[in-house]
Amino acid sequence: MSDFDENDAFEAAARPRLSEQAMAARPMPYLDGLNPAQREAVEALDGPVLMLAGAGTGKTKALTTRIAHLLNTGQARTNEILAVTFTNKAAREMKERVAGLLGQTVEGMPWMGTFHSICVKLLRRHAELVGLKTNFTILDTDDQIRLLKQLIAAANIDEKRWPARLLSGVIDNWKNRAWTPETLPSSEANAFNGRGPELYAQYQERLKTLNACDFGDLLLHMVTIFQKHDDILTKYQTWFKYILVDEYQDTNVAQYLWLRLLAAGHRNICCVGDDDQSIYGWRGAEVGNILRFEKDFPGAKVVRLEQNYRSTAHILAAASGVIAGNEGRLGKELWTEADGGEKVRLIGHWDGDEEARWVGEEIEAMQSGTRGRAGMSLDDMAILVRASHQMRAFEDRFLTIGLPYRVIGGPRFYERMEIRDAMAYFRLTVSQNDDLAFERIVNTPRRGLGDKAVQTIQTLARQNGVSLVEGARIAVESGAIKGKGGKGLAELVAGLDRWFTQLRAEDDTHVEMAEVILEESGYTEMWLNDKTPEAPGRLENLKELVKALESFENLQGFLEHVSLIMDNDTDDAEEKVTIMTLHAAKGLEYPAVFLPGWEDGLFPSQRSMDESGLKGLEEERRLAYVGITRAEEICTISFAANRRVYGQWQSQLPSRFVDELPADHVEVLTAPGLYGGGYGGTAGDFGASPLEDKASRADAYNSPGWKRMQAQGNLRAKPSPNEARGLVIDATAVSSFTQGDRVFHTKFGYGTVMGIEGDKLDIEFDKAGAKKVVSKFIVPAAQAGDVPF
DNA sequence: TTATGCATTCTTTTT
DNA sequence: GAATGCATAA
């Protein structure tokens, strides 16, 4: 662990610099593959540098080469470089690539990581300065909300009108701006019905007593410490000789201050970013940070990377055309040596289901090779959506046709209920003071402890000034809780004590302990007895959790890791199409990209425009830009005329971004099927006058027939293929099934009947796994067998 | 205390 | 259409 330890760091380290033996002679082959701009960015080691790197211009290459160069020339040792990224994935990739460039493993770049992971490391050393102990816990959003709910209730505020989620957002915002309760400007006094500031202060107090902090605190506390303790700041300023920041356009004020404080020493700060890819304004990111860089660091060298190595000329031109609609850009002109390639493809559909169906067919076609193109791997295709609820239509469809897919970003592993429950048990075993963990699992599994029992425990704890576990102990000993609940609580407390001593004794590994805890607490049993279809999956996840523990030395280490890691890279061997949000796609690239749902209100998102006006619209436009520039060869944009919104059918207009696509670089595909041609005629029409065309398209959606259907409330204008084929049978026509029958379900595909309970069937679906389904949605497989899904 | 059914709100985007 | 919260019943 070549960390930044007091000894390690300041006793000018006996460790030799990488270079001292052979610096001058050391070859620099890594410089050869760079273009002039990249090379300039790599070689300008000293002083502030702003690298404006457009999409696909080899930014990571430049950044990693720069680090390799720093190490190779002996300007800095691995632990004197602070390299900050936003995601763990980016940090990992960076480490690997630096190692690759140097042809050796870079053992420990201890200060390469996300803002958050680096701040945790720092804060553990200085926790006492902000009233925490070094072993503080990091709350996740769930805990945070629960805590705020309590505070809101205690303040006699109607949680319905002023929900905890809202307050949590307000507080997050303040933290992103680096405002503590003490430094909160008066302009914020009215927030949360005027009670915001006071609740913020209470919340921070409460965190302190819980020895906990939330995500925003990690940054905020460090900024506070740096601002108040000159000696500490100086220490780090001196230590970090070189600072590198990835995705600078996404930094918020707190991160910006943190960086500026640290960089004030050597002034060797290199920020990499692209103002056109700033898509996190809603999370407090300030594009202003990047626009202002030259003012903040006078004499900064600005390098522009503009040669794109990723996309074809048409795709690049389409993206440039869209982003040109934004004001106040730093200005970059991306170019490529690649020639034309395919134009961006544009297609409209009747509704979201049809869109999903079409995309599925298109993917299958690409997989087997079309239009003179060789077959592509599913791994090379991605569907990028604006909002995660759009994913559903695709999942349903792909499940039906058995097309393998992976979803990036959905509910993450560590956010799942069973995992969080298990973790609460672990947390409580490690530290009985973890009140939030206790609250989470007192009655999970059911122990007969309801609200009233919990209240009794809380009162006892408060009266005696102890933790909830201690309160529970008192309740048990005094017999304050009677009956089943009392017994359950006694067992829980005894269990916690037992596990704690057992863990201490170290007779068992922490992995074994985890198993013991889940077993003895009755948690595993709870899911074994659970008959819902999700139960087996949850048990699987628990197993996976225990397995994940193996790579850690102890429970504490694992808990720490989990609170920061939000990755869910599942590197499964099978080829799969990727489905994810546009936000999640930043930094990634795929030969073929589908961009569905380009409809006004959905994309650009109505909410974004309502809340942030032109600024919001411009951020949406950048999101469009990010989406298009993910594509290397084929980019397909689509929109639907009708879409379910809140379960209600709504007619949609094509996105204004569709009109902003430069016609010369777009090929309009005529939609297949009955309604497909209704929005704009030929490619020529579209090319000639996109604006006029928009009107005609809109008219098509406002046709009398369409209006009539709306009025009738029969918005499902077109029968589904199954309805058309007479495959949807009504409830009165339920045929009877027996165990072992092969059946078909429009959503889950083919399967086998495993069991029958009344009108519900337990079915093991070939693709979708075990489900319980009402029999009226099921058809015998034979009947569906000739359906070409 | 828990289970159930009804009504309500809502869905951007996430370290 | 799903998830949450609330009221009522068991």
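Reminder, nothing fancy here: chain letters follow the sequence lines and each chain counts from 1. As the structure is a prediction and not an experimental result, all values here were calculated from the model.
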Starting at [atom1] of [X] and ending at [atom2] of [N], how long is that distance when rounded to a whole Å?
X         : N       : atom1 : atom2 : answer
Leu166(A) : dC10(B) : CG    : P     : 11 Å
Ile145(A) : dT4(C)  : CD1   : P     : 12 Å
Gln650(A) : dG1(C)  : CD    : P     : 16 Å
Lys175(A) : dT15(B) : NZ    : P     : 18 Å
Arg165(A) : dT14(B) : CZ    : C1'   : 12 Å
Glu620(A) : dT13(B) : CD    : P     : 11 Å
Gln648(A) : dC10(B) : CD    : C1'   : 13 Å

*Of Ser605(A) and Gly448(A), the one whose closest DNA chain B nucleotide lies more 5'*: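 This one resolves to Gly448(A).
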
*Of Val454(A) and Ser608(A), whose closest DNA chain B nucleotide lies nearer the 5' terminus?*
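Its nearest nucleotide lies further toward 5', so the answer is Val454(A).
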
Would you say [N] has OP1 or OP2 under 4.0 Å from some side-chain N or O of [X]?
X         : N       : value
Arg446(A) : dA3(B)  : yes
Asn443(A) : dT2(B)  : yes
Arg392(A) : dA2(C)  : yes
Thr581(A) : dT14(B) : yes

*When you check the gap from the basic side-chain N to the acidic O, do Asp143(A) and Arg440(A) get nearer than 4.0 Å?*
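Arg440(A) and Asp143(A): not salt-bridged.
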
Shortest side-chain distance from [X], nucleotide among [options]:
X         : options                  : answer
Ala453(A) : dT1(B), dT11(B), dT14(B) : dT1(B)
Tyr646(A) : dG1(C), dT15(B), dT2(B)  : dG1(C)
Lys452(A) : dT14(B), dT1(B), dT11(B) : dT1(B)

*asked:* Using 30° and 60° as the class boundaries, would you call the ring planes of Trp174(A) and Tyr200(A) parallel, tilted or perpendicular?
replied: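 Rings of Trp174(A) and Tyr200(A): tilted, as their planes differ by 30° to 60°.
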
Could you list the protein-to-nucleotides 5-7 of chain C atom pairs, N/O on both sides, closer than 3.5 Å?
| unit_1 | atom_1 | unit_2 | atom_2 | d |
| --- | --- | --- | --- | --- |
| dG5(C) | OP1 | Lys149(A) | NZ | 3.0 |

Just checking [X] against [Y], ring centres under 6.0 Å apart?
X         : Y         : result
Phe657(A) : Phe603(A) : yes
Phe639(A) : His349(A) : no
Tyr280(A) : Trp282(A) : yes

*Select base, sugar-phosphate, or nothing to describe what Lys484(A) touches, counting heavy atoms under 4.0 Å on all strands.*
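Result for Lys484(A) = nothing.
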
*Give me the residues of residues 243-263 of chain A where at least one heavy atom lies under 4.0 Å from an atom of DNA chain B, by number, or none.*
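DNA chain B contact set from residues 243-263 of chain A: none.
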
*Test log, rule salt bridge (charged side-chain N to carboxylate O under 4.0 Å, His left out), inputs Arg329(A) and Asp275(A)*: CA-CA 7 Å; Arg329(A) 304 166 54 214; Asp275(A) 51 318; 5.2 Å; no

*Is there a stack between Phe115(A) and dT15(B), judged by ring centres under 5.5 Å and planes under 30°?*
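Phe115(A) ring does not meet the centre or angle cut-off for dT15(B); no stack.
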
*Starting at CG of Asn541(A), measure out to CG of Leu545(A) and round the result to the nearest 0.5 Å.*
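The distance works out to 9.0 Å.
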
*Gap separating the CD atom of Glu355(A) from the CH2 atom of Trp350(A), nearest 0.5 angstrom*: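 Here the rounded value is 14.0 Å.
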
*Under 6.0 Å from the six-membered ring centre of Phe136(A) and within 45° of its axis: does the NZ or CZ of Arg124(A) meet both?*
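Satisfied, under 6.0 Å and within 45°.
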
_Test log, rule salt bridge (charged side-chain N to carboxylate O under 4.0 Å, His left out), inputs Arg283(A) and Asp172(A)_ = CA-CA 9 Å; Arg283(A) 203 169 74 187; Asp172(A) 262 1; over 6 Å; no

